[in-house]
Number of protein chains: 2
Amino acid sequence: MAVTDEAIEKIKGMIVSGALRPGDRLPKESELAADLGLSRNSLREAVRALSLIRILDVRQGDGTYVTSLDPQLLLEALSFVVDFHRDDTVLEFLAVRRILEPAATAMAATRIDEARLDALAAQLDALGAEPSVEELVASDLEFHRGIVQSSGNSVLCSLLDGLSGPTTRARVWRGLTQEDAVSRTLHEHRAILAALRDGDAEAARSWATVHIASVEQWLRSTL
Amino acid sequence: MAVTDEAIEKIKGMIVSGALRPGDRLPKESELAADLGLSRNSLREAVRALSLIRILDVRQGDGTYVTSLDPQLLLEALSFVVDFHRDDTVLEFLAVRRILEPAATAMAATRIDEARLDALAAQLDALGAEPSVEELVASDLEFHRGIVQSSGNSVLCSLLDGLSGPTTRARVWRGLTQEDAVSRTLHEHRAILAALRDGDAEAARSWATVHIASVEQWLRSTL
DNA sequence: GAGCGCCGATACCTCCGATGTATCGGCCCA
DNA sequence: TGGGCCGATACATCGGAGGTATCGGCGCTC
């Protein structure tokens, strides 16, 4: 194994074992390189790799720190990876989202609070009757993000966030080519919100399923 | 932005735009560095980072290539990230798995073929009546992996693969401390297999849910 | 003529030392 | 006491040198 890969494993080991805790500062490059028995250049490769996936946070002039290691932060790297997938796998991502999103929405139904509900309603109202497609899709993302955050599961939340990215383009495309997509989306959002306000998990789940399935069905028929 | 981060973005752009296709070979270090306008050292950091998340494949003495970019390969990096999470988020991972695994099992029920069913049955038979905990957990992973592969969704498959890792330790722990866990797991596997053979998606989904929920419930009561 | 091994070209691997740049915190001045 | 200057610190970037793994052509052997 290359020395850089060894260094990656060793740093990973220090974090997993607890020798380095979230927020801790690493020894400076030259010291850490000496400790691990490699050159500064090679160590920098290891640090850069870990920094790409948000394990480490490097600040010039200050030092290198372990991030909070929040699921949210770490799974953020997922969206970077997801960007590389070509359109032919969008359907698979969407299928996974169709599984997770209804479940998350149902979970949110039993624990979402008034303040969040009001915020969601205000967001829908702010959109107006004739939003542009870009506005609608942005609002769509924000709406679902708000709901999923109320599911109380941060892993689920980050995962859905990562999965939503690649399907965004598809939704824009749909909004541009399908006439009633805009009004239908707005209607479905209202329905989901009403179900959440009622605390009706099954209704929320069903509306979320319908909501995503309609995008999926359209995409499947188009490709 | 640092030159290395720019290089990462540029290489990513070349791949996403299609200028570089899966399997393509990159220009050699010195040329690529000159093209992107940075030093070889800095370029190497970028390449190393992309290689950690399986975007690039570096072969000493040969060259640097774009990987297949299969969802399976890219989401493999997920398990690396997941390793950093501490035990207190295991429950959240397990909750997500409880959503995905039943859905995947139900999908598999309608499309799994005879050969796969026979292989799964043979695998369960090979385990014997009194397996060690380690054997059981390994068999458990393999069993579910085999089923999920029959769901026909490679993204779903890789995602579950990544999520199963962190819960593995929990399952070993459970097997060691809960007496009837072994026999119960075997029984549930048989039930899932029977449902799959019947093509009964709902039964398969329910058994899968029960199967995972039992681990989750035990873990929740233990922590 | 076919197969095997040697060997040079190629490309990545590792290291070193030097210079540039951003940040922080103490010191000095108003 | 408050604000700005300035040096120490730590990461950023660079160029070059020597090492090592891989591949493929060439020549030898059978």
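Note that the structure is predicted; figures quoted are calculated from it, not measured. First the proteins, then the strands, lettered A, B, ... as listed; each starts at 1. Basis for what follows: all heavy atoms, side chains included, without hydrogens, waters or symmetry-related copies.
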Q) Hey, which of these two, Leu43(A) or Gly61(B), hits DNA chain C nearer its 5' end, going by closest nucleotide? A) Gly61(B)
Q) Should the pair His189(B) and Phe143(B) be assigned to parallel (<30°), tilted (30 to 60°) or perpendicular (>60°) ring geometry? A) parallel
Q.
To the nearest 0.5 Å, what is the distance between CD on Glu29(B) and CZ on Arg44(B)?
A. 5.0 Å
Q.
Between Asp62(A) and Asn41(A), which residue's closest nucleotide on DNA chain C lies nearer the 5′ terminus?
A. Asn41(A)
Q: Within residues 45-57 of chain A, find the residues that approach DNA chain D with a heavy atom at under 4.0 Å, and present them sorted by residue number.
A: Arg48(A)
Q: Return no unless some side-chain N or O of Thr4(B) is found under 4.0 Å from OP1 or OP2 of dT13(D).
A: yes
Q: Would you indicate what Arg40(B) reaches in the nucleic acid, counting non-hydrogen atoms under 4.0 angstrom: base, sugar-phosphate, or nothing?
A: base
Q.
What's Ser30(A) touching, base or sugar-phosphate or nothing? Going by heavy atoms closer than 4.0 Å.
A. nothing
Q | Straight-line distance of Ile112(A) CD1 to Gln149(A) CD, nearest 0.5 Å | A | 10.0 Å
Q. Between Ile8(B) (CD1) and dA12(D) (C1'), how many Å, whole number?
A. 14 Å
(Q) Please determine whether the number of non-hydrogen atoms from other residues, nucleotides or ligands lying under 6.0 Å from atom CD of Gln72(A) exceeds 12. (A) no
Q: Could you name each residue pair satisfying salt bridge (Lys or Arg N to Asp or Glu O under 4.0 Å) that touches residues 51-65 of chain A, not counting sequence neighbours?
A: Arg54(A)-Glu76(A), Asp57(A)-Arg59(A), Arg59(A)-Asp62(A)
Q. More than 12 foreign heavy atoms under 6.0 Å from CD of Glu188(B): is that the case here?
A. yes
(Q) With a 3.5 Å distance limit and no angle check, can you tell me whether Glu92(B) reaches the backbone of Thr89(B) through a side-chain donor-acceptor pair? (A) no
Q) If only atom types and distance count, is the side chain of Glu135(B) paired as donor or acceptor with the main-chain N or O of Leu127(B) below 3.5 Å? A) no
Q: Without swapping roles, check the side chain of Thr67(A) against the backbone of Ile55(A) for a donor-acceptor pair under 3.5 Å.
A: yes
Q: Starting from P on dC14(D), measure out to CD on Glu29(B) and report it in whole angstrom.
A: 14 Å
Q) How close or far is atom P of dG15(D) from atom CG of Leu38(B), stated in whole angstroms? A) 10 Å
Q: Using the heavy-atom set of chain A and a strict 4.0 Å cut-off, write down the first and last nucleotide of DNA chain C that makes it in, 5' to 3'.
A: dT14(C) to dT23(C)
